Amino acid sequence: MPTRQPARIKARRTPGDLLAGLGALVVLVALIAGVPYALFRLAGPPLPPELLNLDLLTSQVGTSTIIAILVLLVWLAWLQLVVCVLVEIYAGLRRVGMPARVPLSGGTQMFANRLVSAAMLLFTVSAVALPIAKLTSLPPAGPSVVFTGLSSTSGPAVDERAELEPVQKAKKVYVVQPPHGRHHESLWEIAEKCLGDGRRYPEIYRLNQHKEQPDGSRLHMADLIRPGWVLDMPDDARNIHIVPASQPRDDTLKDHRDKPVELDGRTQNLTPGRADLPAEPAPEVSDPRGRSDERAGDRSGDRAGADGTRETGPAQERRDTSRDPAPAERAPHTAPDSMPDTVLDTVPEKAPDTVPDSGRQDPGQAERRDPAAVAEPPDSGRSAGQDTGLGLLDYLAGGSLAAAGLLAALGRRRRQQLWHRAFGYRITRPRDDAAQAELALRLGADAPGSRMLDVGLRLLGKSLAAQDRVPPTIYAAHLSPQTLDLWIHPPDPEAPAPWTAHDGGQVWRLPAHEGRMLDERALADAPAPYPGLVSLGSNGEGRVLVDLEAAHGPISISGPQTTAALAALAVELATNRWSDRMRVTLVGFGEELTVIASDRIRYVGSLAEVLPELEAGAGGRDHGGEVLTGRIHGRAADPVCTPHYLLSAIAPTPEEGRRLALLARKGVRTAAGYVIAGEVPHATWNWTITEEGRAEVDALGFDVAAQLLPRRQYRALIDLFLATERLEGEPLPDEPEPVTHTPSVEVRVLGPAEVVGPPPMEEGRAVIAVEMAVYLATHPGGVHPVVLGGILWPRGVQSVVRDATIARVVAWLGTDSQGRPNLYADESGRLRLGPEVRTDWMLFRDLVRQSHANPAGRPALLERALGLVRGPLLNGRPRGRYAWLAADDLEYNVTAGVADAAHRLCEVRLARGETDQAVAAVRAGLLLAADDEGLWRDLLRATHLTADPVRLRAVVDALHRRAASHPYGGGMAPETEALIDELLPSWRMRSAPTA
């Protein structure tokens with residue numbers, strides 16, 4: 001029998017309602033006014049003199065004091081009742097829905113709710129406060145029963161209350177919503193939205209554990225849910241779908257494949273099957289620079305499978321359907337009279353518009369997802385080496401120490417790219433997933449943590465060497481924002497300062513504030529004592545690292561994501577800063593990783609190729625404590641025991657396993673580590689990478705979220721580093737349009753970020769406001785608020801926060817000389833800055849353009865342009881902000897444009913014999929483009945022409961010091977060294993280190 005639809009019933013007051021309301025009103029008046037009157041007459045004020053006497057705390061308590069305390073408690077109970085009544089009256093009059101909960105007032109507020117609800121029937125039948133029984137007790141277990149009113153298509157309107165009849169037993173389900181920007185739903189959020197308390201998420205998890213979902217996968221972990229899943233919900237859930245209790249689950253999944261659910265005024269259609277695709281193509285997006293692009297390049301129908309063949313069939317058809325973008329947000333509206341498929345317990349109030357027109361504009365299908373704003377949902381299958389489909393942020397930003405090392409390696413490669421940059425060109429920048437990989441690395445990199453681990457360990461080794469002590473074995477380390485903990489054996493309570501011993505000497509701890517104060521230059525030559533420390537994963541409070549050498553034997557690694565775990569180990573070992581020279585041999589995987597660190601990484605096809613070399617090297621290797629002792633007494637530039645780590649994705653044969661076990665010398669420490677996939681005889685540690693992405697180490701008792709590098713992220717990293725090998729560069733963009741308006745607001749980016757014109761903003765809000773102004777000012781084509789939210793908050797943000805921030809910036813930037821807002825939304829809903837908002841970069845480019853057309857005034861125009869440069873681009877930007885620069889042209893264009901302008905002005909000045917002015921021009925360019933060695937060569941030539949050898953020597957020394965201490969390393973370009981040899985032949989003798 002079909003379920004009858006709900007009909008709107010007109011209600012009226014009955015004589016019983018009036019009588020109950022009158023009685024409730026009398027009781028309320030008696031309680032609110034009569035109780036305090038009686039208390040004053042019979043018991044006195046709330047605080048009688050007995051309680052105001054300070055001697056009460058030391059004197060003996062008498063009968064009068066006890067009575068005074070009891071009277072005070074009665075007064076407090078009355079005050080609590082008054083507060084509950086006021087809250088209920090407010091809720092009833094304003095129709096806010098669920099009244100606010102008064103703390104510690106469960107029964108009292110329920111009593112007040114009933115009195116107020118009954119009393120309000122005297123005045124209206126609609127302004128009745130919502131009962132709050134659900135706040136104080138859970139509903140009884142059992143199936144829900146849905147009641148619907150009788151409806152008729154003809155006949156007179158019904159004035160009497162319609163009789164309700166039970167229909168059939170039903171259950172409630174919820175369909176997991178697609179992501180907004182980078183924000184994915186979690187069980188906590190669903191519990192908060194549907195049950196009123198996020199802490200009730202285990203109820204949803206238990207109802208759905210191991211149940212099949214539309215994509216064929218099942219719920220195994222509470223934090224792994226996917227868009228399109230259909231979740232059974234508790235009986236008291238709101239904002240859900242109602243289905244018959246007898247309906248089979250297969251029919252429920254089929255009926256809710258594309259079921260919309262109306263939440264917070266938005267109607268969202270779900271597309272099942274999208275979440276289980278590891279590398280689903282993104283819909284076409286309109287990039288902020290005004291051109292259409294694909295988030296992952298051309299990864300649509302021609303995506304190759306793991307074996308190199310093209311995917312076809314249902315899986316490919318689902319990828320094609322997943323191209324349909326999620327619908328745009330719509331304005332909130334009231335609940336309809338008839339809701340046949342969705343039952344909503346409450347309808348949220350409409351949120352106020354924060355930006356004129358922008359909140360009501362349909363952003364269109366082309367802008368629902370942006371390359372910088374969307375992370376892909378997880379994949380259902382997790383086989384070895386398989387791309388899980390999670391966004392790049394989920395892995396690359398999660399490996400914070402590896403990200404810091406990768407960024408340093410990338411910086412070295414970029415410096416070498418700059419050595420080959422030609423005038424009028426910029427270095428080649430990454431595209432698509434490679435650019436997103438760099439964005440993720442910038443967001444997640446923990447450079448301070450990496451520095452603390454490096455400097456802290458080197459100081460530890462240097463201190464132990466000074467005391468002639470044998471360094472302890474470190475099995476593992478834990479790096480958190482507060483401390484660096486080393487778990488050592490055997491326990492030693494005598495930790496060298498500033499390290500401190502804890503837990504009976506089992507843990508040596510370095511507080512973060514002590515680590516930040518360590519002098520890095522004083523430890524420049526101190527060797528790295530524990531280069532085999534590598535991240536196992538995260539325990540939610542920090543990074544957990546293990547020492548491969550401390551295993552004293554082969555480490556067996558197994559599980560469905562073994563190759564992804566080995567790739568993550570290899571990348572961190574090859575790029576970490578807490579090691580000196582080392583070798584990493586990869587067996588059966590990672591051949592492309594040599595592009596990241598060719599000096600450390602080597603690839604071989606089988607264990608048979610590398611075992612003879614390992615056996616030959618093991619004979620002359622120091623063992624036991626001599627490995628650590630030898631290291632701490634050596635030098636960083638010439639380590640005594642160069643480590644060698646073997647990572648194999650190929651399981652060994654029995655004979656190879658026996659030879660690996662012999663290499664370990666039965667528990668004696670060596671300067672080597674072996675991590676082998678599969679079953680390894682006599683393995684000292686066994687690592688398991690579970691299907692849910694957990695890393696378990698049996699011998700150490702660890703169970704952490706594993707650090708992984710799946711296939712898509714692996715490929716993106718390789719493409720990122722391959723882009724640095726393209727030395728031909730890319731032409732700089734065409735000349736800009738003339739700047740004609742006098743600015744009312746100037747956004748400065750050629751140095752520290754500044755917005756000049758508006759009044760100062762409070763510091764806590766200024767950072768994001770300035771970044772928003774910078775992005776909009778450097779992208780004059782405009783950007784939709786949804787896309788802007790993903791750019792400025794790449795880890796996700798609530799739309800309310802995003803819109804409130806935009807509204808704040810609108811008010812902050814104010815209006816121009818014509819009274820028009822400097823920040824507005826155009827007809828398409830894109831946010832734009834007005835014509836009287838200018839950047840110093842726009843003015844710089846316009847002055848350079850004018851210099852091309854005016855040779856006579858070229859020096860003055862270029863000097864004006866370079867005078868705008870105050871330092872590096874957006875210098876001093878907070879950590880984690882402006883990550884969008886990684887996928888943007890701005891950083892590349894500004895660096896090349898400033899360097900070219902300085903070079904051109906230097907040539908003009910030298911042609912006129914104005915050497916001092918030429919030197920000043922180059923130094924102005926070096927303020928921003930300090931890594932461009934073409935400018936350093938210009939400075940060398942101009943200084944040489946001043947005929948002042950002291951100045952030339954000072955420039956050479958400064959360049960030498962910079963190259964030697966550059967955070968990215970890399971030395972100087974060969975062309976620069978050759979020029980120094982020509983201009984100052986004696987420089988090498990003076991800069992050579994003394995023996």
Side-chain angles (χ1 to χ4, degrees), residues 305-308 381-388 532 534-537 546-574 583-594 601-618 643-667 670 672-700 702-703 706-711 714:
D307 57 352
R382 292 175 176 264
S383 60
Q386 181 176 344
D387 177 6
T388 64
V534 65
S535 294
L536 179 67
V546 294
D547 190 352
L548 301 183
E549 296 179 9
H552 297 174
I555 300 171
S556 167
I557 183 170
S558 60
Q561 299 196 71
T562 296
T563 305
L566 287 171
L569 290 177
V571 165
E572 185 170 302
L573 283 171
R583 289 182 298 163
V584 181
T585 298
L586 309 181
V587 182
F589 81 103
E591 183 175 6
E592 303 89 346
L593 290 177
T594 55
I601 294 181
R602 179 182 60 159
Y603 167 82
V604 297
S606 66
L607 283 169
E609 296 179 45
V610 72
L611 275 174
E613 176 189 342
L614 294 175
E615 291 167 338
H644 186 182
Y645 304 116
L646 176 73
L647 309 179
S648 174
I650 300 176
T653 64
E655 175 61 19
E656 291 171 342
R658 183 188 66 82
R659 294 166 67 181
L660 282 169
L662 289 176
L663 282 173
R665 304 288 178 130
K666 296 184 179 181
T670 61
Y674 314 97
V675 185
I676 314 296
E679 296 296 329
V680 181
H682 311 293
T684 54
W685 292 351
N686 291 292
W687 291 5
T688 302
I689 310 299
T690 67
E691 183 179 359
E692 293 80 14
R694 307 288 297 180
E696 301 172 354
V697 184
D698 55 356
L700 303 179
F702 286 149
D703 183 359
Q707 179 167 291
L708 303 173
L709 187 61
R711 184 167 51 194
Y714 172 91

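Since we're looking at a predicted model, the values are computed, not measured.
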Determine whether Val546 and Trp687 make a side-chain contact, defined as any pair of heavy atoms from C-beta on separated by less than 4.5 Å.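 Contact flag for Val546/Trp687 side chains = yes.
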Using side-chain heavy atoms (C-beta onward) and a distance below 4.5 Å, is Leu700 in contact with Leu536?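 No, side chains not in contact.
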Nearest-0.5 Å distance, [atom1] of residue [X] to [atom2] of residue [Y]:
X: Phe589; Y: Leu566; atom1: CZ; atom2: CG; result: 4.5 Å
X: Tyr674; Y: Thr684; atom1: OH; atom2: OG1; result: 11.0 Å
X: Arg583; Y: Glu613; atom1: CZ; atom2: CD; result: 5.0 Å
X: Leu586; Y: Glu591; atom1: CG; atom2: CD; result: 10.0 Å
X: Glu615; Y: Leu660; atom1: CD; atom2: CG; result: 8.5 Å
X: Asn686; Y: Asp698; atom1: CG; atom2: CG; result: 4.5 Å

Between [X] and [Y], which heavy-atom pair has the shortest distance, and what is it?
X: Glu679; Y: Ser556; answer: CA-OG, 4.4 Å
X: Gly657; Y: Pro652; answer: N-CB, 3.8 Å
X: Pro681; Y: Ala661; answer: O-CB, 4.2 Å
X: Ser535; Y: Glu572; answer: N-OE2, 2.7 Å
X: Pro554; Y: His682; answer: CD-O, 4.1 Å
X: Gln707; Y: Ala568; answer: O-CB, 3.4 Å

Checking side-chain contact (heavy atoms from CB on, under 4.5 Å) between Val587 and each of Leu647, Leu607, Ile676, which is the one that passes?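 For Val587, the side-chain contact (heavy atoms from CB on, under 4.5 Å) check succeeds only for Leu607.
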Given Thr562, which partner from the list Val675, Ile557, Leu708 fulfils the side-chain contact (heavy atoms from CB on, under 4.5 Å) test?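 Of Val675, Ile557, Leu708, side-chain contact (heavy atoms from CB on, under 4.5 Å) with Thr562 is met by Ile557 alone.
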Tell me if a side-chain donor or acceptor on Ser648 pairs with a main-chain N or O of Ile650 at a distance below 3.5 Å. yes
Side chains of Tyr603 and Glu592, donor plus acceptor under 3.5 Å: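 Judged by distance alone, the side chains do not pair up.
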Does Arg658 form a salt bridge (charged side-chain N to carboxylate O under 4.0 Å, His left out) with Glu655? I'd like the steps, not just the answer. CA-CA 5 Å; Arg658 183 188 66 82; Glu655 175 61 19; 2.6 Å; yes
